[in-house]
Every structure is written in C-alpha cells, then in structure tokens.
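Heads up: the structure comes next, in structure tokens.
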Amino acid sequence: MKHVDEKKRRQLVGRLLKIATHLGAILPLALLFWDYQQSNLGADPVREITLRLGKSTLILLMLTLAVTPVQIVLGIKQIGPLRRLLGLYSFLHLCLHLLSFVWLDYLFEWSFIVDAIIDQKYVLVGFTAFLLMLPLALTSTNWSMRRLGKKWKQLHRLSYVAGILAVVHFLWLVKNVYTEPLIYGAILLLLLLVRNRRVKQRILGWRRKAKRAKVGVTTSAH
Amino acid sequence: MLIKTKSGTEIPSSEITPEHIYHSRRKFMVGAAGAAASTLLAACAPSSSSPIPEATEQPAATAAQAATSAPAATAKVVQISANEDELGDAVNSFEDITNYNNYYEFTTDKTGVASLAKNYPTSPWQVVVDGLVKNKRIYDMDDLRSRFDQEERIYRLRCVEAWSMVIPWMGFPLSKILNEVEPLPEAKYVRFETVYDPEQMPGQKSRWFNWPYVEGLRLDEAMHDLTLMSTGLYGRDLLPQNGAPLRLVVPWKYGFKSIKSIVKIELVDKMPTSLWMTSAPNEYGFYANVNPNVDHPRWSQGTERRIGELGRRKTLMFNGYEEQVASLYSGLDLKSNY
C-alpha cells in the first residue's frame with residue numbers, strides 16, 4: 001500500500017516539475033511580449049529583443065546540460081524527463097533569436113545578412129551552434145532514439161559543443177566587460193567536468209559511501 | 001551639418017519658461033499637489049521676467065549650489081532649428097537621446113545610465129586647459145557658456161557598436177578654446193580627460209578599465225570646425241547621462257571618441273593613449289574614424305541601425321562628413337590607422 005502511495009507521489013512530483021518547466025520556459029517570452037506592448041524595451045527594441053532571446057536560449061541550454069550532472073551529483077532521478085523538454089525550449093528560443101536577427105535587425109536583406117555572418121566572428125559561431133542544435137531537435141523523438149540506438153547518445157553529445165559555442169558567441173560580442181560570459185563559461189566547464197568518466201565514478205563512489213554511512217547511522221540508532 | 005547661431009529672430013529668453021520651472025510644472029501636474037500647490041502655481045506664471053529662485057523646488061541645502069548655475073543659459077534656444085540633418089534624416093527624440101547612453105562610468109547597461117546619472121552634480125564645474133600652451137587657463141563652466149556663442153549643430157552619431165542617432169547638439173567649436181590658450185609650436189595633440197569620481201560614478205569601480213576615461217585628437221582634427229564642445233542638446237543644458245556639463249562631439253569618428261564630462265584638456269607633443277586603446281589595442285585605435293571598409297576585428301562596420309528604425313542602413317565613409325574631413329587624412333593608411 002505504502003509502495004503505491006510512493007509511486008503516486010513520484011508521478012505527481014514529476015508532473016509538477018514538467019509544468020514548472022513549461023511555465024519557466026514560456027515566462028521570458030511572455031515578459032518580452034508584455035514589455036513590447038508597454039514600450040518598455042528602450043530606444044533600441046530590436047537589440048533588446050535579440051539580446052533577451054539570446055540570454056534565455058543560453059540559460060535554457062545550460063539547464064538542459066545541467067540535468068544529467070545534477071542527477072549524478074545529487075541522485076535526483078526525477079528530473080531526467082526534463083532534459084528533452086528544456087532542450088527543445090532552448091531550441092525554440094534559439095529559433096526566435098535567429099528570427100529576430102534576420103527579420104527585425106536585417107529585414108531579410110540577404111546581402112547584409114551573408115556579410116554579417118561571414119564578417120562577424122560571433123555571428124558565425126552563433127550560427128554554427130544553431131546548425132548543431134538543429135539535428136538534435138529533429139532527433140529528439142522516442143522513435144529517433146530507438147532508431148539511432150547507441151548513435152543517438154553520441155550525436156546528442158553535440159549539445160555540449162553547442163553550449164561552448166554559445167558561450168564563445170557571448171564572449172565575442174561584449175565590449176571588454178567579460179564578467180557575465182565568463183560566469184556561463186565557468187558553469188559549463190563544471191558541468192563538463194562532472195560528465196568526465198573518472199570524475200563521475202568518483203562522485204558516485206562518494207555518494208555510495210555517504211549512503212552506507214547514513215544507513216549505518218539509522219541502523220545503529222535502532 | 002546644420003548650423004544655427006543665435007539670431008535676432010529667436011524668442012527672447014525672458015519669455016521662455018526656464019527648464020527648472022518647466023519641470024516643476026510637470027511635477028505639479030503629475031500630482032505633487034497639496035500645501036505647495038499655490039507656491040508652484042505662482043512659479044508657473046510664464047510672464048515672470050525675473051528668474052524664479054530654485055528654492056521653490058529644491059531642498060535648501062542644494063539651493064545655494066544650484067543658484068550658481070545660470071538658468072538663463074538653458075533658455076537661450078528652446079526649439080531646434082530643423083527636424084532633420086542635411087541628408088534628410090530625422091532627428092532622434094529627446095527621450096531616445098537621453099535614455100540610451102554608453103557611459104561606462106555609470107554602467108555598461110545603456111538603458112540604465114539615465115537613472116544612475118540623474119543626480120550627478122555638474123555645477124560648479126571647472127575645466128583646466130594646460131600643457132603646451134601659451135596661456136594656461138581654468139575655465140568656470142558658467143563662464144564657458146557665456147564666453148562663446150552657443151550654436152546648434154545637428155550631427156549624426158555613429159557608435160562603434162553599429163547603431164546611430166541624429167542629435168541636435170548645442171555648443172561651440174573646440175577651436176575657440178584652443179585659439180584663446182594658444183598652443184605652442186611643439187603641441188601636436190590634444191588630450192582630454194573625464195572626471196574621476198568613483199564614489200558617485202559606480203562604473204569607475206570596475207576593474208575592466210583603466211580609469212579615468214582619456215581621449216585624444218590630432219591638433220588639426222581638434223581645430224576642425226566640425227569638432228564641437230557641447231554644452232547642451234535640444235536647446236537645453238546637457239543632462240548628466242549625455243556627458244554634462246561639457247563634452248566633446250567629433251561627428252566623423254565613432255562615438256567613444258566624443259569624451260564626456262571633461263575636466264581637463266591638455267596640449268601635448270605625443271599621441272595620447274585613450275582608455276579604449278589601453279583596454280583593447282587591437283580593436284580600438286587612436287583615429288577611430290567611421291569607416292565602413294575597416295571592420296572591427298569582431299564585427300562588421302559596413303551597416304548600422306539608426307535608433308528608431310527597423311533593419312539596417314549602409315554606414316557612410318567618415319559618417320557622411322567625407323567632404324569636410326577626408327583631406328585631414330590624405331596619405332594616411334586608414335586600415336592600419338584604425
């Protein structure tokens with residue numbers, strides 16, 4: 001009986017986590033729309049829209065990449081299903097970011113856009129990140145996972161490459177004050193570190209030890 | 001460029017509501033009613049020929065300081081002479097010009113400068129002019145405003161970040177100061193320095209930059225008639241976020257050359273090293289002329305977005321002032337002298 005309750009509780013928490021993720025990922029878009037309606041985007045709304053969408057893309061991508069490391073470190077299995085959701089939302093924000101660039105900023109003037117991509121390193125890097133994310137979004141279905149088997153995992157490691165490119169993209173567009181992009185870079189490095197096999201094994205070892213110690217304490221208390 | 005000097009056709013300053021009263025009137029309308037209402041109403045009377053004391057809207061402590069500024073100077077020109085520049089591009093709104101500022105001394109957030117700079121005291125203010133000159137001088141800001149005729153100049157401002165505005169500046173050519181102090185023959189460059197006040201300018205605590213802000217011009221650039229010392233815009237005194245009380249405006253160079261809140265002008269014999277040259281020597285050079293053919297190492301300078309517009313426009317050589325300034329650079333390789 002207790003077992004069934006536990007299962008139900010887990011299902012509920014899982015559902016709530018998903019709802020929170022949906023809301024959290026849509027919130028920045030709603031805020032952007034609201035600020036646009038209220039003319040709160042400053043003298044250069046085009047830049048503000050592009051920058052804000054870029055920022056939300058980066059944060060969502062970081063969260064996507066954080067899911068597995070957080071599972072490893074804290075052992076919270078329930079957040080697993082959020083990875084795909086966060087990844088897809090990140091891609092949605094990225095598409096809007098790109099749309100804002102080619103539409104609002106450049107009004108689809110392709111000659112300007114081609115120059116912008118070639119001449120501006122940060123655009124080139126950002127665009128490459130988009131090209132890497134595209135197949136990941138397309139192969140995010142269960143069907144693709146089954147079809148690709150082992151290759152799916154290898155393919156989706158590209159998300160880390162996209163993350164690195166996104167940070168470089170940010171780093172290359174700021175004017176000298178590198179604090180913020182460097183913070184994202186440090187977080188990304190930490191996440192990558194946890195994915196390293198040896199680091200991962202060590203963390204899992206610590207967790208097993210801690211668990212045993214805890215169990216030991218509980219038994220001795222009885 | 002459009003230049004308008006004071007002329008007889010203007011409304012006499014006595015008939016114009018001084019700016020501080022204009023603001024107090026707005027404050028009143030916004031709802032600052034109550035006990036002070038009758039006093040303010042009296043202050044609003046447009047027919048009053050003598051300036052109303054600042055004390056009606058400011059705490060007593062600052063009233064003495066404020067009284068040293070000349071409210072009449074603000075009222076010399078209330079309207080801008082034209083709504084577009086000589087190329088037919090519309091002037092940007094006062095709102096946009098005063099709320100979208102690159103002024104790293106306060107913050108790197110362009111929309112955050114106005115509120116942070118709001119209370120920055122710009123009076124009293126002195127500007128030291130020394131170095132290789134015959135007559136070293138310390139100008140009092142009020143003296144500078146009345147000493148030289150204030151002209152209106154509608155200039156394009158092109159930021160190195162590839163956005164631009166059209167701004168109706170008020171001011172006088174830098175050459176007027178230089179002619180007065182008389183540079184010595186060995187003076188080759190002019191070096192400008194912004195006020196250093198990290199207590200009130202939070203951005204100056206940032207370690208990413210080597211404060212204070214320094215900029216420089218070649219003497220012939222500084223003497224050029226387009227080179228303006230600005231004291232105002234839209235017919236009013238400059239607001240702190242725009243570099244009050246005195247800033248440089250060099251319309252054919254990227255915006256960062258137009259140094260704000262100047263306290264020192266020095267004539268020197270060696271090329272000054274600007275703050276941006278120190279921060280990123282491969283990205284920002286001494287000349288910083290607007291040039292669509294010489295890209296920033298990380299981004300293109302071929303196009304720009306005019307604030308208030310969607311899409312992009314092509315950036316013009318020397319920001320559209322080629323005819324007036326190109327001769328300054330004949331024989332100079334603009335690619336290596338970026």
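Just so it is clear: chains get the letters A, B, ... in the order the sequence lines come, proteins before strands, and each one is counted from 1.
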Practice prompt. Would you please go through residues 76-105 of chain A and name the residues with a non-hydrogen atom below 4.5 Å from one of chain B, in numerical order?
Written response: A:Leu104, A:Asp105
Fill in: Engaged part of B:Ser300 at the chain A interface, taking heavy atoms whose separation is under 4.5 Å
both
Discussion item. Are B:Tyr103 and B:Phe106, when compared by the centres of their aromatic rings, separated by less than 6.0 Å?
Written reply: yes
Worksheet item: Are the charged groups of A:Lys55 and A:Glu180 less than 4.0 angstrom apart, N to O?
Response: yes
Worksheet entry | Test: B:Arg312 and B:Glu304 ion pair at under 4.0 Å | no
Discussion item. With side chain to side chain donor-acceptor pair (under 3.5 Å) as the criterion, how do B:Tyr120 and B:Asp197 come out once you've worked through the C-alpha distance, each side chain's angles and the decisive distance to 0.1 Å?
Written reply: CA-CA 10 Å; B:Tyr120 191 75; B:Asp197 186 2; 3.0 Å; yes
Worksheet item: Of all of B:Glu95, B:Met165, B:Glu161, which one pairs up most often with chain A through heavy atoms under 4.5 Å apart?
Response: B:Glu161
Worksheet entry | Residue part contacting chain B, namely of A:Phe108, when any heavy atom lies under 4.5 Å | neither
Fill in: Winner by heavy-atom pair count (cut-off under 4.5 Å) against chain B, out of A:Val177, A:Asp119, A:Asp115, A:Val123
A:Val177
Discussion item. Distance to the ring centre below 6.0 angstrom and angle to the axis at most 45 degrees; does that hold for B:Lys260 and B:Tyr213?
Written reply: no
Fill in: Contacting moiety of A:Phe112, where chain B heavy atoms sit under 4.5 Å
side chain
Discussion item. B:Arg153 vs B:Tyr155, test: side chain to side chain donor-acceptor pair (under 3.5 Å). Steps then yes/no.
Written reply: CA-CA 6 Å; B:Arg153 299 217 181 168; B:Tyr155 283 160; 2.9 Å; yes
Response to the item:
Ranking B:Thr111, B:Ile307, B:Asp295, B:Thr108 by heavy-atom pairs under 4.5 Å to chain A gives rank one to B:Ile307
Discussion item. Could you check whether B:Lys257 makes a cation-pi contact with B:Phe286, meaning its NZ or CZ is under 6.0 Å from the centre of the six-membered ring and within 45° of the ring axis?
Written reply: yes
Discussion item. How close do A:Asp35 and A:Arg52 get, counting heavy atoms only, and between which atoms?
Written reply: OD2-NH2, 2.8 Å
Worksheet item: Given that the side chain runs from C-beta out, which part of B:Asn101 has a heavy atom under 4.5 Å from chain A: side chain, backbone, both or neither?
Response: neither
Worksheet item: Hey, are the side chains of B:Arg158 and B:Gln301 touching, using non-hydrogen atoms and a 4.5 Å cut-off?
Response: yes
Response to the item:
All heavy atoms of A:Gln71 vs all of A:Arg207, minimum pair found to be O-NH1, 3.7 Å
Worksheet entry | residues 132-166 of chain A: residues contacting chain B (heavy atom under 4.5 Å, by number) | none
Worksheet item: Does a sphere of radius 6.0 Å around NZ in A:Lys121 hold more than 12 heavy atoms from other residues, nucleotides or ligands, not counting ones at 6.0 Å or beyond?
Response: yes
Worksheet, complete the sentence: Cut-off 4.5 Å, heavy atoms of chain B, and the answer for A:Ile118 is neither
Worksheet item: Where on B:Arg305 is there a heavy atom nearer than 4.5 Å to chain A: the side chain, the backbone, both, or neither?
Response: side chain
Worksheet item: Taking B:Ser164 as the fixed residue, which of B:Arg156, B:Arg306, B:Arg313, B:Glu309 is the one that meets the side chain to side chain donor-acceptor pair (under 3.5 Å) rule?
Response: B:Arg306
Practice prompt. Would you please test B:Trp208 and A:Thr179 for side chain to side chain donor-acceptor pair (under 3.5 Å) and show each step?
Written response: CA-CA 9 Å; B:Trp208 292 109; A:Thr179 320; 2.8 Å; yes
Worksheet item: Are any of the side-chain nitrogens in B:Glu221 or B:Lys253 under 4.0 Å away from the carboxylate oxygens of its partner?
Response: yes
